[in-house]
Each structure stands twice: as C-alpha cells, then as structure tokens.
J.: 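So that we are looking at the same thing, I have put the structure below in structure tokens.
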Amino acid sequence: MKIEKTLHSRIDEIDFNNISFGNHCSDHMFCSEFRNGEWKNSIIKPFENINISPKSLVFHYGQAVFEGMKAYKDKNEEVFLFRPEENFKRINRSAKRLEMPSIPESIFMNGLKKLIDIDRDWVPKHYGQSLYIRPFLIAMDRVLSAKPSKDYLFMIISTPVDAYYEYPLKIKIEEKYSRSASGGVGFAKAAGNYASSFYPTRLAREEGFDQILWTDSSTHTWIEELGTMNVFFWLKNKLITPRANENILSGITCKSLLALAKKEGIDIEERDLSVSEIIDGLKKGALKEAFGCGTAVVVNYFQTISYQGVNFSLPDIPDDQRTSILLKKKLLDIQHNFSEDPFGWRLKLKRFL
Ligand SMILES: *Cc1c(COP(=O)(O)O)cnc(C)c1O
C-alpha cells in the first residue's frame with residue numbers, strides 16, 4: 001500500500017470542544033480500485049476531491065454501499081476500534097446483494113487500521129466523543145447502460161464527532177411508506193435505502209414527529225426499525241427487539257446491547273413484534289421503555305408513540321433508571337477502555353508509522 005502523508009495538516013482548524021458532525025474530514029483518506037477483476041492501487045493520501053466521470057454508474061443506478069463505525073480513545077490516548085470485522089463482513093453482505101465485488105479482508109482491515117493510525121490525532125479524547133469512520137464502495141463504469149459495473153472504488157474517510165446526548169423522541173408508527181420490502185435490500189447498508197427514507201421522514205417531521213417507526217411493507221403490522229436505527233422495547237419486564245430478517249439491517253450496536261443486557265441478567269427476546277402488542281403494552285402500562293440504537297447516536301429513547309392519529313406517552317423515567325442509558329454506559333465503557341472487555345470487542349490500534 002502506498003502512503004502519501006499530508007504536508008499541511010488541517011487539525012488546527014478543529015475546535016475539539018465544539019465538534020459538529022461531518023463538517024471536518026480528517027487529513028487522509030484510503031482508496032482502492034477494483035479493475036479488470038482485481039483490486040489494485042491501494043493508497044492512503046491527503047483528503048481531497050476525487051475526479052469522477054458524470055457517466056459513472058453510481059450516479060445513475062445507485063450501486064453504492066457503505067459502513068459506519070467509530071474509533072475511540074482511552075485515558076492514555078490509545079486508540080481503539082470496536083468490532084471492525086463486523087463492519088467488514090456486513091459491507092460484503094451489502095455488496096453481494098447489490099451485485100458488487102467483495103472487498104478482501106486485508107484491503108479493508110489494513111486500509112482501516114493504517115488510515116486511523118495516521119489520523120490518530122483526529123480521534124477526540126473525551127468520553128463519548130469519537131472519530132466516525134465511513135467506508136464506502138461505489139460503481140465507477142463510464143457507461144449509461146443499466147447493468148452492473150465492472151469497475152469499483154472503495155474508500156474510507158473519517159470525521160470527528162461529539163458525544164451525543166439523547167433527547168426524548170416523538171415517534172410515529174408508519175402505515176403508508178416503507179423502508180424495505182421482502183426480497184428487497186433492507187438488510188443491506190445501501191445508499192438508496194437512505195434516499196428513499198428522506199421523503200417520508202420529512203413528512204413525519206412536518207407532523208411534529210422526530211422519527212418513523214417502520215413496519216413491514218405488506219401488512220404494516222410488524223415492527224421493523226426506527227429511522228435508520230434498530231429498536232428495543234422494554235415490555236412486560238423483557239427487553240425485546242425485532243428479530244433481524246431480510247427487511248431489517250442487523251446492527252452491531254443492537255447485537256452488542258443484546259449481549260450486554262444478557263450479561264446483566266436482563267431477560268432478552270429477539271422475535272417478531274407486532275404493532276398491536278406495542279399498543280396494548282402502552283394502554284396497559286406494560287411498556288416501560290422504548291429506544292433506538294445505532295453507531296452514530298448509541299441510544300435514543302422514546303417519549304411518545306403515535307399510532308393512527310392517537311398519541312401514547314411512555315412513562316417519564318429518570319435517566320439514571322433507564323435500561324437504555326445503563327446499557328449505553330456499559331457499551332461506552334468498553335469502547336473507551338474504561339472497563340474490561342469480556343467479549344473481545346476492542347481492537348487496540350498499533351502504531352504503524
Ligand atoms: C446502520 C444502520 C443501523 C445500525 O447499525 P449499527 O451497526 O448499529 O450502526 C440500523 N438500521 C439501519 C437501516 C442502518 O442503516
């Protein structure tokens with residue numbers, strides 16, 4: 001792999017006490033090209049615009065998949081990745097569904113580790129803060145015919161992010177629009193899934209809601225996800241999340257919270273969860289908490305759930321008694337090397353250079 005280090009670091013432009021999401025990319029980026037059936041030209045170089053033909057297939061047919069992950073610092077400013085092999089496996093599951101080549105593990109992991117090592121000063125040092133990492137794969141063929149590309153570009157970029165403070169969400173159970181359909185690409189982290197959720201999300205915002213609780217596309221009776229997060233319900237003293245299926249993206253945060261909850265002795269269930277069970281739980285006071293989870297926000301809990309025009313309030317529990325906040329702290333403690341890592345999730349970043 002070629003490495004070209006920048007001569008003009010931009011790190012002094014960042015106010016690490018006031019980081020805004022995605023505004024400042026770190027000094028370097030990783031690129032690797034797939035051409036004639038082979039991966040080549042892997043390079044780490046200064047972050048810059050890329051030169052790309054307007055004919056590139058990604059613009060016209062949306063062959064694009066991505067990942068979202070984070071690097072964290074501990075008290076000694078050592079840098080850690082969190083379960084990166086899960087992101088590696090998932091981007092290749094997504095790529096397969098979009099008829100894209102799989103990325104070799106050595107390219108993904110070496111690119112990732114060396115890039116974050118070079119940019120380690122960009123990982124903010126306070127608890128809760130992190131360097132958000134965005135690997136992505138796009139179709140590069142310069143043809144307008146609708147067929148899978150032969151050439152691809154895989155890149156990794158990153159941006160420092162602040163700790164996210166959860167605010168109580170007003171949720172709408174969606175009965176018209178869908179995020180995914182059976183046989184579709186819902187389980188994949190495909191760029192187009194996001195594009196198609198923007199319009200219904202804006203409509204929900206205009207009605208005064210923060211997020212959409214997606215239901216299955218054919219009957220709108222089964223709970224799937226919250227916006228672009230997985231979702232948990234604390235119902236009848238059990239922590240329940242819809243079982244990952246082809247309509248649901250299998251989140252690494254969700255998987256990790258399940259493992260942590262289990263270790264805490266919490267009764268967990270991964271199963272199909274119906275809208276009527278949730279509404280019934282709200283009416284009978286059996287639903288104590290509900291929250292979304294994902295890499296970007298970690299957790300965010302619900303204040304109200306609206307269904308068919310009726311607003312239901314969830315109990316107003318102090319933060320320090322919320323399951324979501326407890327689990328978030330356990331997760332962040334592992335991510336920041338504040339606690340033991342019983343599951344072997346942390347990867348300490350070596351110094352290569
Ligand atoms: C990325 C994503 C998630 C969360 O996955 P994490 O690995 O926990 O970040 C959940 N749902 C959708 C639709 C996503 O795109």
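In each ligand, atom 1 is the first atom listed, and ligand 1 is the first ligand listed. Nothing fancy with the numbering, it's 1 onward along the sequence.
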J.: Test of understanding: with ring pair (Phe, Tyr, Trp, His ring centres under 6.0 Å), list the residues that count as partners of Y61, not counting sequence neighbours.
T.: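 Once residues adjacent in sequence are excluded, Y61 has no partner under the ring pair (Phe, Tyr, Trp, His ring centres under 6.0 Å) criterion.
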
J.: So which heavy atom on L235 is nearest to which on E277, and how close?
T.: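 Taking every non-hydrogen atom into account, CD2-OE2, 3.7 Å.
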
J.: What does the N/O contact table under 3.5 Å look like for ligand 1?
T.:
{"residue": "ligand 1", "atom": "7 (O)", "partner": "R90", "partner atom": "NH1", "Å": "2.8"}
{"residue": "ligand 1", "atom": "7 (O)", "partner": "R90", "partner atom": "NH2", "Å": "3.1"}
{"residue": "ligand 1", "atom": "7 (O)", "partner": "I252", "partner atom": "N", "Å": "2.8"}
{"residue": "ligand 1", "atom": "8 (O)", "partner": "I252", "partner atom": "N", "Å": "3.2"}
{"residue": "ligand 1", "atom": "8 (O)", "partner": "T253", "partner atom": "N", "Å": "2.9"}
{"residue": "ligand 1", "atom": "8 (O)", "partner": "T253", "partner atom": "OG1", "Å": "2.7"}
{"residue": "ligand 1", "atom": "9 (O)", "partner": "T295", "partner atom": "N", "Å": "2.9"}
{"residue": "ligand 1", "atom": "9 (O)", "partner": "T295", "partner atom": "OG1", "Å": "2.6"}
{"residue": "ligand 1", "atom": "11 (N)", "partner": "E225", "partner atom": "OE1", "Å": "2.5"}
{"residue": "ligand 1", "atom": "11 (N)", "partner": "T228", "partner atom": "O", "Å": "3.3"}
{"residue": "ligand 1", "atom": "15 (O)", "partner": "K189", "partner atom": "NZ", "Å": "2.7"}
{"residue": "ligand 1", "atom": "15 (O)", "partner": "Y194", "partner atom": "OH", "Å": "2.5"}

J.: Is it true that E85 and K89 have a side-chain N and a carboxylate O under 4.0 angstrom from each other?
T.: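 Salt bridge: no.
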
J.: Is the closest basic N to carboxylate O distance between R179 and E224 below 4.0 Å?
T.: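 Salt bridge flag = no for E224 with R179.
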
J.: Between D117 and R120, is there a side-chain N and carboxylate O pair less than 4.0 Å apart?
T.: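 Salt bridge flag = yes for R120 with D117.
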
J.: Less than 4.0 Å between a side-chain N and a carboxylate O, is that true for R346 and E78?
T.: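 A salt bridge is absent here (no side-chain N lies under 4.0 Å from a carboxylate O).
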
